[in-house]
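Naming: A, B, ... by sequence-line order, numbering from 1 per chain. What you are looking at is a predicted structure, and each value in this text was computed from that prediction instead of being measured.
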Amino acid sequence: MATTDQTGHVRSSYDVRSPRSPVEPPARSAGAPETVDLATSLAAYRAMVVGRRFDIQATALAKQGSLSVYPSSYGQEACQVGVVLALRATDWFFPTYRDSVAVVTRGVDPVETLTLLTGDWHCGYDPMASRTAPHCTPLATQAPHAVGLALAARCVGDDTVALALCGDGATSEGDFHEALNLAAVRAAPVVFVVQNNGYAISVPFAKQTRATSLADRAAGYRMPGVRVDGNDLLAVHSAVTAAVDRARGGRGPTLIEAVTYRIAPHTNADDPSRYRDAAEVERWRGHDPIRRLAAHLRRHGVLDDDLQLRIDADAESFADRTRRGVRGRPAPDPADLFAHVYAAPTQQLAGQARQLAAEIAASAGPEETS
Amino acid sequence: MATTDQTGHVRSSYDVRSPRSPVEPPARSAGAPETVDLATSLAAYRAMVVGRRFDIQATALAKQGSLSVYPSSYGQEACQVGVVLALRATDWFFPTYRDSVAVVTRGVDPVETLTLLTGDWHCGYDPMASRTAPHCTPLATQAPHAVGLALAARCVGDDTVALALCGDGATSEGDFHEALNLAAVRAAPVVFVVQNNGYAISVPFAKQTRATSLADRAAGYRMPGVRVDGNDLLAVHSAVTAAVDRARGGRGPTLIEAVTYRIAPHTNADDPSRYRDAAEVERWRGHDPIRRLAAHLRRHGVLDDDLQLRIDADAESFADRTRRGVRGRPAPDPADLFAHVYAAPTQQLAGQARQLAAEIAASAGPEETS
Amino acid sequence: MTAPAQHDTDGTAGIAPGTTLAKALNRALHDEMSHDDRVVVFGEDVGRLGGVFRVTDGLAARFGEQRCFDTPVAESAILGMAIGMAMYGLRPVVEMQFDAFAYPAFEQLASHLAKMRNRTRGAVSLPVVVRVPYGGGIGGVEHHSDSSEAYAAHTPGLHVLTPGTVEDAYGMLRAAVRGADPVVFFEPKRLYWSVADVALPTEVEPVGRAVIRRAGTHATLVAYGPTVPIALAAAELGAAEGYDLEVIDLRSLVPFDEQTVHESVRRTGRAIVVHEASGFAGFGAEVVARICEECFHHLEAPVRRVTGFDIPYPPPRLERFHLPSVDRVLDAVSSLWRDQ
Amino acid sequence: MTAPAQHDTDGTAGIAPGTTLAKALNRALHDEMSHDDRVVVFGEDVGRLGGVFRVTDGLAARFGEQRCFDTPVAESAILGMAIGMAMYGLRPVVEMQFDAFAYPAFEQLASHLAKMRNRTRGAVSLPVVVRVPYGGGIGGVEHHSDSSEAYAAHTPGLHVLTPGTVEDAYGMLRAAVRGADPVVFFEPKRLYWSVADVALPTEVEPVGRAVIRRAGTHATLVAYGPTVPIALAAAELGAAEGYDLEVIDLRSLVPFDEQTVHESVRRTGRAIVVHEASGFAGFGAEVVARICEECFHHLEAPVRRVTGFDIPYPPPRLERFHLPSVDRVLDAVSSLWRDQ
Ligand SMILES: Cc1ncc(C[n+]2csc(CCOP(=O)(O)OP(=O)(O)O)c2C)c(N)n1
Ligand SMILES: Cc1ncc(C[n+]2csc(CCOP(=O)(O)OP(=O)(O)O)c2C)c(N)n1
Ligand SMILES: [Mg+2]
Ligand SMILES: [Mg+2]
């Protein structure tokens, strides 16, 4: 699936997209590397199926108004899962708003994963327990966090690796550059994975940068840059695993560009018909990462109809658990607004908390306030 | 002096500096390209001699307290002059605080050039008249200005090119990355020249980035990256001229790394003994750009002792004019503090201006206030 | 400040009934781009998509990719590029997609946009408009509802405007584009869809003046942007309770029109400042401080502030507890008489 | 806020006479790094050079490159890295070389450093100290003399401290490093070389309290950081003119100790706030507004502000016209009686 040139630069054996033309789906991945064993591949497949079902459920909940908004990763499951399964529980993961499937794959409760999007609170899970940072919305700003965390871990003698996800659009931000340069010069045990899904909201990749591959950025920091077919679980997982091992082994950071496609709108609020045609989406549907991996597993005889039915059933119950959890969750407590601004509230905050409590008590109930 | 590889990447034929080791002077520049004619070379030589004398004078004025501070470019004259002489009067130039020699080479009055440093005002010259932006202190922030100006010029049909200087340290800033990416994707008629003088104040190049050449950054934006011996006027001038022509011809931006050395302290306030040894400085003195160009010109018989004497005399009188101008200049007018905050002062500012005027009138004179 | 009032001939006839504030802004950009080819519009998703709030809808189609275009996601470079373009004589209007996403451009804003004219003794002026959709009330997740006007207002060299009505959205944006100074133009997100049946003004008035939206004699409510409708609603309800409240819409935070505010407070003797941003060191503090400095002997009661709490902007399901409400304004109004 | 006061045993015995404020800060960092290996110090030129103001002098040599190191010139990444390190349990202290050069880190400051604890309902705390040398009076060229405390103070989630004395520089920085919350620590540049013969405190007091530096009965001068010595000098001179002035050093802008301020103003009935930043929407506005809200019935005269003008910071040769001076403070003092 890839060849290495002298700069330690790994390029995929096919050119995924010609620079100025509309995004094109990748050519068939030239035989998956043997580094991903079938057990892992099957586990990944299961997570991808469950993840997609979760994503579909979340999109439905957004349409029904149970979520304020939902940025879908439909079609990016090979990245979402391939990345997370390459990490140990002790490693740290830095997702974006787009990466809820990755977060649940990491083992975070699905309802807690969606808290940002239900609008109950900003982050619903405990980052320390899950070693998963809150979904990051300001683009690329989590990249320096990952570098710092990785350096801190090394500083105290742990072999923790930090992995940060971001999108193609985020790579235009200054923080992306600053983080990569800093990581390289300090040989931080960190991995940067860019999900190049072809768009920054409405802006196609070719209008974001003249580069044909984001992996080319790596050379400027003298770190390895890898470009993989982001819809090929085996390619993503093996590339990320190699980069994580490299980081853990003290050989420094790696930049990985995973070329994929955002099948869904940017969020449920977006209208993609304004900036891309349905035919492009259809072409990419033809390169579905789940179907691809299923074929591979069936070829190797580890997936059959029975197992598929069981996996689908698991996905259903996960979606069901998500739906019921979101629907049945308690209302958020307004007192939380003041409780965590500082370790101890200032006297002014304490007074404001009392004021709000009194207002709520006085009113017939929250509904009446405002 | 350079070879081109397939990425349109021009590399110098010698490796100027090994990554982790202390900075090393460049090997002798392998024969200057014939693209720089002798008349231009002689004009450049004259400007370099005058520029250095000006720089020495400014440093002396700083020591004497006539300047608040002075960042010297002693030893970087080939960059300071080679870059400016590649521009037309209608092109725009974006210097940093380090580039006063370049600014006077651009034809700006030496006393007006030093206004920032005398502390009379922030910028002493008229940027519109000289098509020279104010010295920029916040690192790399002028790079996007140059991109915008270049695009504006193209937008109104002018063939103006914008050229931005910055230092090696500035390339670690987010703005540097954002500007290069933007310039490339919009094919802006702009040239970025990095004077890699080995240090960001006390921090050596090898601690700023793992890259061995900043020209390698260019590949990430799919623009040409050029590395030249920054102490070789012919190399700098020909590389910049080629990049400017390329930009003017609509073929987009170029990144040029000119490898040089900061012989002087960061500013007169700096104590370099804390972070580099004298031997390193001495090695670089051995690669003096002025001596090098003189030898070249004498080899070609266009420079002799007589001419040298006349050039030295010109340099003296320029220094003399600078010294007398700085010494004899009028005191700045406090009323200016309020005159240019907005096109028309707000009523609050007008009131504050009246208050200060009254204070000054009441006091025996400015000295007594405060 | 800004351009002399001048009559404008290019197609600013009255506009269809039911114009939203977002449409009025779109019309203002359209009319200024027609009026002056030096006006260019760019930012994230402002081209084909027409902006996430559709404020730039149709401009790329109408004026071409040279004058309205999408940029990479790089706010600092977006503003930096605008500065460079303005140095060459263009009049850039840039959009920051959401308030909090203007923060990466803070250095360009504070160290260059605000200072260039002063730094060059007037030789270089930067007629740049930075459009910032701000404030909450739209159910946005974190970083999508900040109110950052106090940062801009404390930065000398910037004009800071924020419309509270559909007419002002149109008129003030046009004036901002024609101005000689950089403007941070704060657009109240939750008013984007507010509708008015109005013929948009055909004159471009210089900005910098506050306006009395409702005359009253008992107390003065000072509001701007998203809290203008709240102050007006409170005044309506207050009337039923016997309070005759004057409502001032500041419109321009910088320049600050203290005459209109002080003259009103000297008449009423009582004042309340209402804004959505956190109160602590917020813009309301400046308004209160000036009133106390300049109207001290006319004040019958302490000036009050009704603002957001001193907390990070809440998540969607809790924002209603944070936002200044009509009830809170009326509670503050009655408190003006309570403590005597 | 911050750590419980606790006795400290590692080498904080009295210190040589003639300690400068810069040396006191250096000693504080040294003592905290000895006290707790989770404390790391980094930024631009803080290693071998010891910082451009030498505040980190000797720390790299003493504690090694792992705990005190130079970074590339990238302020946003410096603060972002500190955030990541704090998430893993370290206590980073970062230096922004000059106030205006902290602006590139504004997004990390406002959107992450200030919000992380709140966003995670307390699960992630960020004990990060951002040291910002601020203010003018040292002949710095443009961008080297800004006062940006109001931006930080208006950003909920940050503690904002600024010492006005050598002792406080030492004690407050140690407390800041031990705190549980992020602190923006504003260091008055022009006091770096101010000298005091003092035994530095061996106790680490929790911060958040203002202090009365001079008792008085006629009026209250409220100052912080670089204006504390000016307020004290004015009080001295004022005494000769018959004014008995109380001087409060706020020390902590957030948390804001309103008791100390209000109790004083209720006694004196008159107040003046003195700071170096531009007055418009500056921190002084908040102090004045609170005094007017909370001490209204005790006020004998309008509260005044003596601040920098509403202009970009002046060039070196003109800064003396801008900086609050003893004369201006005394003029304001006499005005407190003039308009009755
Ligand atoms: C600093 C910043 N600027 C702007 C935005 C608004 N915004 C949200 S998503 C987005 C596009 C991001 O594209 P990409 O990085 O490719 O991620 P994707 O949404 O495609 O997964 C933008 C501009 C933001 N969140 N943060
Ligand atoms: C945004 C910003 N951060 C920090 C500084 C402080 N500073 C001034 S010069 C300098 C080093 C710059 O090094 P380099 O870019 O190599 O330029 P040189 O001084 O070597 O010419 C630093 C960190 C600054 N001016 N701007
Ligand atoms: Mg994308
Ligand atoms: Mg340098």
Part of [X] within contact of chain B (heavy atom distance under 4.5 Å):
| X | result |
| --- | --- |
| D:Glu75 | both |
| D:His322 | neither |
| D:Phe101 | side chain |

So which atom in [X] and which in [Y] form the shortest heavy-atom distance, rounded to 0.1 Å?
| X | Y | result |
| --- | --- | --- |
| D:Arg67 | D:Met33 | NH2-O, 2.8 Å |
| D:Ile138 | D:Glu319 | N-OE2, 3.6 Å |
| B:Pro110 | B:Val104 | CA-CG1, 3.9 Å |
| B:Leu337 | D:Leu318 | CD2-CD1, 3.9 Å |

Do you know which of [options] has the most heavy-atom pairs with chain B at a distance under 4.5 angstrom?
| options | result |
| --- | --- |
| D:Pro72, D:Gly50, D:Gly279 | D:Pro72 |
| D:Pro314, D:Gly47, D:Pro104, D:Gly139 | D:Pro314 |
| D:Val73, D:Val141, D:Ile230 | D:Val73 |

Under 4.5 Å, counting heavy-atom pairs only, tell me which of [options] racks up the most with chain D.
| options | value |
| --- | --- |
| B:Ala200, B:Ser68, B:Gly169, B:Pro138 | B:Pro138 |
| B:Gly174, B:Ser172, B:Pro272, B:Ala331 | B:Ser172 |
| B:Asp175, B:Asp120, B:Val341 | B:Asp120 |

**Report entry** Salt-bridge contact B:Arg274-D:Asp57 (side-chain N to carboxylate O under 4.0 Å)
**Finding:**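 The answer is yes: the pair qualifies as a salt bridge.
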Query raised in the report: Do NZ/NE/NH1/NH2 and the carboxylate oxygens of B:Glu257 and B:Arg217 come within less than 4.0 Å?
Result: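 B:Arg217 and B:Glu257: not salt-bridged.
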Between [X] and chain D, which part of the residue has a heavy atom less than 4.5 Å away: side chain, backbone, both or neither?
| X | value |
| --- | --- |
| B:Ile201 | both |
| B:Val69 | side chain |
| B:His340 | neither |
| B:Asp336 | neither |
| B:Leu116 | both |

Query - Candidate pair D:His144 and D:Tyr313, rule ring-ring contact (aromatic ring centres under 6.0 Å, His included), full reasoning - result: CA-CA 9 Å; D:His144 289 75; D:Tyr313 194 86; over 10 Å; no
Query raised in the report: Do D:Phe98 and D:Phe53 have ring centres separated by under 6.0 Å?
Result: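 Yes; D:Phe53 has its ring centre under 6.0 Å from that of D:Phe98.
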Query - Check: B:Tyr275 ring centroid to B:Tyr199 ring centroid under 6.0 Å - result: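 Yes - the distance between ring centres of B:Tyr275 and B:Tyr199 falls below the 6.0 Å cut-off.
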